[in-house]
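Residue indices begin at 1 and follow the sequence shown. All figures in this text were calculated on a predicted structure; none of them were measured in a lab.
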Amino acid sequence: MLPEMKYIEGELLPMLRERAGRFEQNAQKQLRQWKGEKGVASLLLSVGGLKEQQMLPNYDNYEIHYDLEKMFVSQLKPALGIALADGDAVPSVRANVGCGAVCTLLGGLKQNFYTDKMPWLQERLTTEQVMEMTEESIEESPEFKMGLEQMKYMKEMLKGTGIKVFPMDLQGPIDIAHLLLGDDFFYLLYDEPEVVHKTLQLAVAIDTYAMKKCFEIIQPEDYVCHYNCLVLPASSPLKVSEDTSTLLSKDHLFEFMLPYTEQLLANFGGGYIHYCGDNQHLLKIAPTIKKSIGLNFGNPERHDPKSVLEDLGKAGMCYYGNFRGDPIELLKLARREDGRYNAFITYGCKVEDQAEVIDRFNSAIE
């Protein structure tokens, strides 16, 4: 047993269990906002520099993949910044196995692990392999099974604390196809589009398989946690990453991204879209994606918050995150004419400043 586990089990977990009711209240408030209740706006606050966090060591990205306790500690440490803050966030943890873990369900592929960066898939499928595969080709890899075991362990450890486990990293079909094929993916869009379509079908299949396995462990009732602060309705439980999609043309987005992303969302009832980078065609398509309820940017500084929130509001969708500015200003932009707020606003601050931030935020809600 790791030396810090005695501190976690003896002091941290009992303290968190005392706060569990607050997390449930926060979750219900977020759900009311997702439902469009007027006058409800959520400030997903985090604080840093806590002594409780400083009591826990840091483990590198290589060693956490081979040790249940180290993975748990590495996830609990940042979650404490949410759990011990005020505001409307709900803390959560996940098996942080990398975006290529789902890809290992096909063809015996394996990720490489590193001490200083996240795992990455260096192995690829050939076009011949892709064309021969079917959904029956899906096989649970040791790596994916390890992620499931980590989820089970963390769920058991956190029982009664209100801190939930959320799914493994879900890359959208385009991102999965890019991982499976490597950068040849971009040439195949033009030279062999049938291979891309087949890869995207397989991507939807392995994404669907992986998320079903995750939800078997999570067993959500009315909500699913995401990224250590947000909750999604159980009827729309997915986060779909579209990072590679930012590199595609308008025509390719409509032909290759849109139908498969919509299919994946439909398989679970819906979810929200995330992407890093900036693609104006994708930005215009995002509010039209069927079964999508929200949007999140990895590079919010590249977007205009006013126009984004207006377009999402017209589509009945919400933004999740911040635009690296004053949360009160974003709150004002998020207020729709009908009194609904369509932004879940994340904000980090010092412990001593959070009361002022919350008071200003609540005072600004009309």
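- Between Tyr272 and Tyr320, the two ring planes are perpendicular [angle over 60°; tilted spans 30° to 60°].
- Between atom NZ of residue Lys77 and atom CD of residue Glu52 there is a gap of 12.0 Å, rounded to the nearest 0.5 Å.
- Annotation: side chain of Glu242 is not in contact with side chain of Asn279 (no heavy-atom distance under 4.5 Å).
- No side-chain heavy atom of Ile176 sits less than 4.5 Å from a side-chain heavy atom of Thr244.
- Of all non-hydrogen atoms in Met133 and Lys198, the two that sit nearest each other are O-NZ, 2.7 Å.
- Ion pairing of Arg124 with Asp184 is absent here, as no side-chain N (NZ or NE/NH1/NH2) approaches a carboxylate O to less than 4.0 Å.
- The backbone N or O of Ala83 sits less than 3.5 Å from a side-chain atom of Arg19, completing a donor-acceptor pair.
- Remark: the Tyr223 side chain and the Glu24 side chain contain an N/O donor-acceptor pair separated by less than 3.5 Å.
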For His65 and Gln150, run side-chain hydrogen bond (donor to acceptor under 3.5 Å, both in side chains): C-alpha distance rounded to whole Å, both residues' side-chain angles, the deciding distance at 0.1 Å, then the answer. CA-CA 9 Å; His65 290 280; Gln150 290 165 350; 5.1 Å; no
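- Residues Leu56 and Leu12 are in side-chain contact: their nearest non-hydrogen atoms beyond the backbone lie under 4.5 Å apart.
- A salt bridge between Arg324 and Glu301 is present, with a side-chain N of the basic residue lying under 4.0 Å from a carboxylate O of the acidic one.
- Paired with Pro327 under the rule side-chain contact (heavy atoms from CB on, under 4.5 Å), one option of Ile345, Thr346, Leu44 passes, and it is Ile345.
- Between Leu45 and Ala85, the closest heavy-atom pair is O-CB, 3.8 Å.
- No option in Met15, Gln53, Lys51 other than Met15 meets the side-chain contact (heavy atoms from CB on, under 4.5 Å) test with Leu84.
- You'll find the side chain of Val231 stays beyond 4.5 Å of the side chain of Asn26, heavy atoms only.
- Side chains of Phe323 and Leu333 form no contact here, defined as non-hydrogen atoms less than 4.5 Å apart.
- Ring orientation note: the planes of His226 and Phe166 are tilted relative to one another, at an angle of 30° to 60°.
- Gln75 contributes no side-chain N or O that, together with a main-chain N or O of Val93, makes up a donor-acceptor pair within less than 3.5 Å.
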Could you walk me through whether Leu258 and Glu262 pass the side chain to side chain contact (heavy atoms under 4.5 Å, CB included) test, one step at a time? CA-CA 6 Å; Leu258 189 58; Glu262 289 185 338; 3.5 Å; yes
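- The backbone N or O of Trp120 lies less than 3.5 Å from no partner atom in the side chain of Asn112, so there is not a single donor-acceptor pair.
- Linking ILVMFWY residues whenever their side-chain heavy atoms come closer than 4.5 Å, directly or via other members, places Leu200 and Met131 in the same cluster.
- Linking ILVMFWY residues whenever their side-chain heavy atoms come closer than 4.5 Å, directly or via other members, leaves Ile82 and Ile8 in distinct clusters.
- Ring-plane geometry between His303 and Tyr275 is classed as perpendicular, the angle between the planes exceeding 60 degrees on a 0 to 90 degree scale with a lower cut at 30.
- Looking at Ser141 and Glu143, their side chains never bring a donor and an acceptor atom within 3.5 Å of each other.
- With a 4.5 Å cut-off on side-chain heavy atoms, Tyr114 and Asn61 do not count as touching.
- Relative ring orientation between Tyr190 and His252 is described as perpendicular, the plane-to-plane angle rising above 60° on a 0-90° scale split at 30° and 60°.
- A donor-acceptor pair under 3.5 Å links the side-chain atoms of Gln30 to the main chain of Cys229, judged by distance alone.
- Annotation: Tyr7, atom OH; neighbour count of heavy atoms from other residues, nucleotides and ligands within 6.0 Å is above 12.
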Decide yes or no on side-chain hydrogen bond (donor to acceptor under 3.5 Å, both in side chains) for Thr127 and Glu192, but give the supporting numbers first. CA-CA 9 Å; Thr127 57; Glu192 298 182 69; 4.9 Å; no
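- Without hydrogens or angle criteria, Thr161 side chain to Leu158 main chain gives a donor-acceptor distance under 3.5 Å.
- Annotation for Trp34 and Cys318: closest pair CZ3-CB, 3.7 Å, computed over non-hydrogen atoms.
- We find that Arg22 and Asp86 are joined by a salt bridge, their nearest charged nitrogen and carboxylate oxygen being less than 4.0 Å apart.
- Closest approach of Ala210 to Val102, counting heavy atoms only: CB-CG2, 3.8 Å.
- Shortest non-hydrogen contact noted between Leu106 and Ile206 is CG-CG2, 3.7 Å.
- In this structure, the side chain of Lys70 does not engage the main chain of Tyr59 through any donor-acceptor pair within 3.5 Å.
- Minimum interatomic distance between Ile365 and Ala41 (heavy atoms only, all atoms of both residues): CD1-CB, 4.0 Å.
- In this structure, the side chain of Asn299 does not engage the main chain of Cys276 through any donor-acceptor pair within 3.5 Å.
- Within the 4.5 Å cutoff, no side-chain heavy atoms of Leu43 are placed close to those of Leu331.
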Under the side-chain hydrogen bond (donor to acceptor under 3.5 Å, both in side chains) rule, what do Lys212 and Asn267 come out as? Steps first, then yes or no, please. CA-CA 10 Å; Lys212 285 183 177 179; Asn267 286 350; over 6 Å; no
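- With hydrogens and angles left out, the side-chain atoms of Gln33 and Ser42 include a donor and acceptor closer than 3.5 Å.
- Under a 3.5 Å cut-off, the side chain of Ser74 and the backbone N or O of Met71 do form a donor-acceptor pair.
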Given side-chain hydrogen bond (donor to acceptor under 3.5 Å, both in side chains), test Asp175 with Ser241 step by step and report yes or no. CA-CA 7 Å; Asp175 286 44; Ser241 290; 5.6 Å; no
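- The side-chain heavy atoms of Leu248 and Phe186, taken from C-beta on, include a pair separated by under 4.5 Å.
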